[in-house]
Amino acid sequence: MYDQYSMDDTTRKEEPQWHAFLEKELNLQQYEFATAEDRALLGLAGPGSGKTRALVYRAANLIKSGIRPDQLLLLTFTNKAAGEMKERLERLLGFLPGDLWAGTFHSIGARILRRHASLLGRSANFSIFDEDDSRALLKQILSSLDVDSQDRKLLMQRGFLGRVISQARNSDLKIKDLMEEEYPYRLEFLGLIEETIVLYEQRKRESNAFDFDDLLLCWLKLFEQHPEIRDRYQERFLHVLVDEFQDTNIIQARIIDLFGNASSVCVVGDDAQSIYAFRYAHIGNILSFPEKYESCRLVRMEQNYRSTPQIVELANASIGHNREQLPKKLFSKKPVGEKPLVAKVSDSRQEASFVLQCIWELQNNGIPLDEIAVLYRSSYLTPELEFALSRKGISYRTYGGVKFFQKAHIRDLLAYLRIVHNPGDENAWRRIAVLQKGFGNATFDKLWSGLKEQVNPLDAAIAGGIRPARGKNGWEALCSTLTAIAERKDEAVSSLIDIILENNYDDILRQNYPDQYEERLQGIERLAIYAERFDSLDSFLESLVLEESVFADTASAPEAFGGQLTLSTIHSAKGKEWDTVFIIGMNQGHFPSQRTAGNSLDEERRLFYVAATRARYYLYMSTYREDFRQYGSVSEGPSLFLRELPSSCYKLMDYDYGSSYY
DNA sequence: TTCAAAACGGTTTTT
DNA sequence: CCGTTTTGAA
Ligand SMILES: Nc1ncnc2c1ncn2[C@@H]1O[C@H](COP(=O)(O)OP(=O)(O)OP(=O)(O)O)[C@@H](O)[C@H]1O
């Protein structure tokens with residue numbers, strides 16, 4: 001056991017130097033935050049004010065003062081923010097301590113649950129069901145319950161059932177109360193939904209699986225029901241640090257509170273950047289943090305170090321329209337920059353050519369692609385731009401939107417691996433079983449009812465002797481494939497993928513996607529390449545579910561000198577920054593989104609606030625007059641968020657540069 | 001019970 | 001417009 005105090009002596013020699021460094025790198029408030037010794041600490045400040053910076057320097061300072069890295073726990077909601085935290089800490093320390101726990105709530109939850117799975121009726125190799133898995137399972141349950149097909153449609157459309165269940169769990173409400181409150185028009189299904197939930201929990205358990213929400217809820221349950229385990233983690237993690245705290249939901253706050261009993265808890269956030277209400281983020285977590293932790297030290301940071309005064313002014317003007325935000329000052333002392341530019345273009349193709357032309361000019365002015373991002377409310381706003389970028393050979397990467405591994409062929413392939421990893425995974429079995437010729441859901445149901453009783457369904461299948469009512473050839477092909485990969489399950493994942501293709505899936509791919517065979521096969525090859533980074537099947541599978549895929553399905557133009565342009569949803573861009581930012585699709589109906597009901601307009605505006613404050617020097621926004629997109633093609637005019645800005649905030653430009661550039 | 005063809009219908013944002 | 005659901009033949 002390390003002695004913290006004797007460590008202090010050894011580090012004291014270095015202290016003057018380190019503290020001088022801290023003083024140089026941080027302003028007064030940030031320094032206060034980074035070095036405070038309070039048991040509870042809240043950093044509440046606007047964008048670009050250095051919250052993440054202060055948090056990361058605090059972590060580094062703790063380590064410098066003798067706290068072991070494994071005594072720190074760094075948490076946040078999104079993968080992006082977690083990555084940013086880790087990257088900056090690594091830059092600061094020169095390396096990322098291997099024994100430091102830093103990640104999203106979900107990934108840390110998974111890590112803890114793997115260690116104590118048996119206490120929750122699972123084993124350490126449990127599968128993690130993503131939203132698609134959950135939806136598939138719910139659908140399966142509904143059809144097993146003989147639900148009228150109209151009703152089933154109502155429940156499944158837009159993932160209603162899954163959403164209600166998830167909302168209830170994440171906000172700690174009873175289904176009944178939630179339905180009465182928010183979905184009274186579906187109240188007739190209450191009984192059915194409750195019945196479904198019981199079966200859903202049961203099937204997950206039988207599959208040795210947790211869903212996303214379980215990673216939080218079961219973590220909380222583990223700590224609540226097993227105080228001795230909670231104590232162990234409390235003793236270990238002397239400091240818990242949370243970034244983007246405004247994104248946390250009630251369950252995550254409870255987990256933090258459990259640590260708060262014993263560990264010192266430090267959180268940073270900005271109520272004006274709360275954009276995850278749809279994931280049940282609870283703004284009260286940050287607003288009432290000082291009351292909950294009475295001895296809490298509150299640190300405010302008001303200087304924005306990221307953006308020019310012009311950009312900060314526009315952002316302030318916009319968020320000023322939100323009545324409910326905490327009043328916060330935010331100013332920039334950076335040199336005067338260009339006013340943000342609003343371009344009126346005729347349609348989305350012209351918008352693409354506008355962006356391309358600007359990028360061209362920026363590059364000529366020495367701004368590399370790495371320092372440029374195009375942000376948007378929804379990923380359906382990008383195809384025209386992507387097309388234009390490909391034509392011009394500009395290398396780009398997209399973030400957010402449909403994930404690579406959500407595509408059917410990738411999920412198919414992963415299902416084989418999931419079975420080997422966790423033979424109880426019903427979803428995975430079903431997925432590849434019904435791919436086989438002559439093998440359908442009905443046949444699978446019969447077969448599975450026997451197979452799932454086996455201690456190890458995979459061993460039982462391999463041993464043979466299981467006879468499906470139909471599709472015997474398909475079943476045998478499947479079993480021999482599984483045999484082949486099970487035998488070599490400790491080999492490199494990429495070689496397992498080859499085996500799957502050779503034995504079984506290549507034929508299926510040809511059969512099912514005659515027109516897209518090549519394209520999809522390439523996708524699978526990319527998956528195999530990606531797999532080479534992992535040293536085990538476990539970590540590969542877990543990374544694919546919990547971390548968004550780090551690479552695109554189809555490669556854009558190859559990366560050249562200035563790196564790659566970033567295309568990202570605004571949600572995924574939070575916490576990041578670029579020299580130049582474009583916000584495209586600034587039209588009523590797109591942003592704010594059509595689906596926005598009255599009370600979430602404020603949230604959309606916060607989203608705009610986040611987008612605008614990503615830029616260091618140049619901010620471009622575009623809006624079109626005509627909208628050929630999808631049915632209706634109603635042109636609803638420029639976004640409210642542009643119209644409500646004082647015109648002194650930005651320059652207006654009519655972009656009528658023929659479509660020749662396109 | 002499976003599977004292909006025809007009809008349908010519906011779109012944020014992330015873990 | 002593309003994926004999902006329904007329909008009906010084998
Ligand atoms: N005291 C400082 N001196 C120099 N640069 C600073 C200082 N504080 C912050 N910065 C820089 O300002 C930028 C924004 O900081 P940071 O990302 O930590 O802010 P944030 O408050 O977390 O922003 P957001 O809320 O938008 O995520 C970073 O480039 C950071 O390095």
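Chain letters run A, B, ... following the sequence lines, proteins first and then strands; every chain starts at 1. Keep in mind it's a predicted model, so treat the numbers as computed, not measured.
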Peer 1: Measure CG/Asn473(A) against P/dT2(B) and give the value in whole Å, please.
Peer 2: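 Nearest whole value for this atom pair: 15 Å.
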
Peer 1: Against the six-membered ring of Trp448(A), is Arg430(A) placed for a cation-pi contact (under 6.0 Å from the centre, within 45° of the normal)?
Peer 2: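 Negative - Arg430(A) is either too far from the ring of Trp448(A) or too far off its axis.
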
Peer 1: With respect to the side chain of Phe77(A), which nucleotide from dT1(B), dT15(B), dT13(B) is positioned closest?
Peer 2: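 Of the options given, the side chain of Phe77(A) lies nearest dT15(B).
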
Peer 1: Which nucleotide sits closest to the side chain of Phe278(A): dT13(B), dT2(B), dT15(B)?
Peer 2: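 Out of dT13(B), dT2(B), dT15(B), the nucleotide with an atom closest to Phe278(A)'s side chain is dT13(B).
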
Peer 1: Determine the minimum heavy-atom distance between Leu435(A) and Arg431(A), stating which atoms define it.
Peer 2: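 Reported closest heavy-atom pair: CG-O, 3.4 Å.
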
Peer 1: Choosing from dT15(B), dT13(B), dT2(B), which nucleotide comes nearest the side chain of Arg279(A)?
Peer 2: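 The nucleotide sitting nearest to the side chain is dT15(B).
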
Peer 1: Please classify the nucleic acid contact of Thr443(A) as base, sugar-phosphate, or nothing, using heavy-atom distances under 4.0 Å.
Peer 2: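 Sugar-phosphate, backbone atoms only, no base.
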
Peer 1: Is the gap between the ring centers of Phe160(A) and Tyr183(A) under 6.0 Å?
Peer 2: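 Phe160(A) vs Tyr183(A): aromatic centres under 6.0 Å.
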
Peer 1: Quick check on DNA chain B: between Gln511(A) and His571(A), whose nearest nucleotide comes earlier from the 5' end?
Peer 2: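 Looking at the nearest nucleotide for each, Gln511(A) comes out on the 5' side.
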
Peer 1: Using a heavy-atom cut-off of 4.0 Å across all strands, would you classify Phe105(A) as base, sugar-phosphate, or nothing?
Peer 2: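 Since no nucleic acid heavy atom lies under 4.0 Å of Phe105(A), the category is nothing.
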
Peer 1: Mind calculating the distance between CG (Asn79(A)) and P (dT15(B)) to the nearest angstrom?
Peer 2: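 From Asn79(A) CG to dT15(B) P: 5 Å.
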
Peer 1: Would you please say whether a donor-acceptor pair under 3.5 Å links the side chains of Gln273(A) and Glu244(A)?
Peer 2: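 The criterion, which ignores hydrogens and geometry beyond distance, is not satisfied for Glu244(A) and Gln273(A).
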
Peer 1: What does the 5'-to-3' dot-bracket notation of DNA chain C look like when only Watson-Crick and G-U wobble pairs under 3.5 Å count, and pairs to other strands show as |?
Peer 2: .|||||||||

Peer 1: Determine whether the aromatic ring centres of residues Phe259(A) and Phe223(A) are separated by less than 6.0 angstrom.
Peer 2: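 Centroid separation for Phe223(A) and Phe259(A): below 6.0 Å.
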
Peer 1: Between dT13(B), dT1(B), dT15(B), which one does the side chain of Ser378(A) approach most closely?
Peer 2: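 Looking only at side-chain atoms, Ser378(A) lies closest to dT13(B).
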
Peer 1: Which atom pairs link the protein and nucleotides 5-10 of chain C when you take only N or O atoms and keep those under 3.5 Å?
Peer 2:
from, atom 1, to, atom 2, distance (Å)
dT5(C), OP1, Lys139(A), NZ, 3.2
dT5(C), OP2, Lys139(A), NZ, 3.0

Peer 1: Can you name the salt bridge (charged side-chain N to carboxylate O under 4.0 Å, His left out) partners of Lys51(A), sequence neighbours left out?
Peer 2: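 Lys51(A) satisfies salt bridge (charged side-chain N to carboxylate O under 4.0 Å, His left out) with no other residue.
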
Peer 1: Provide the closest heavy-atom pair for Thr104(A) versus Phe77(A) in the form atom of the first, atom of the second, distance.
Peer 2: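 Smallest heavy-atom distance, with atoms named: CG2-O, 3.6 Å.
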
Peer 1: Heavy atoms only, 4.0 Å cut-off, all strands: where does Gln157(A) land among base, sugar-phosphate and nothing?
Peer 2: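 The residue Gln157(A) makes sugar-phosphate contact but no base contact.
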
Peer 1: Expressed in angstrom and rounded to an integer, what is the separation of Leu546(A) atom CG from dT15(B) atom P?
Peer 2: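 Nearest whole value for this atom pair: 10 Å.
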
Peer 1: Quote, to the nearest angstrom, the P distance that separates dT4(C) from dT13(B).
Peer 2: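 Going atom to atom, P in each nucleotide, I get 16 Å.
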
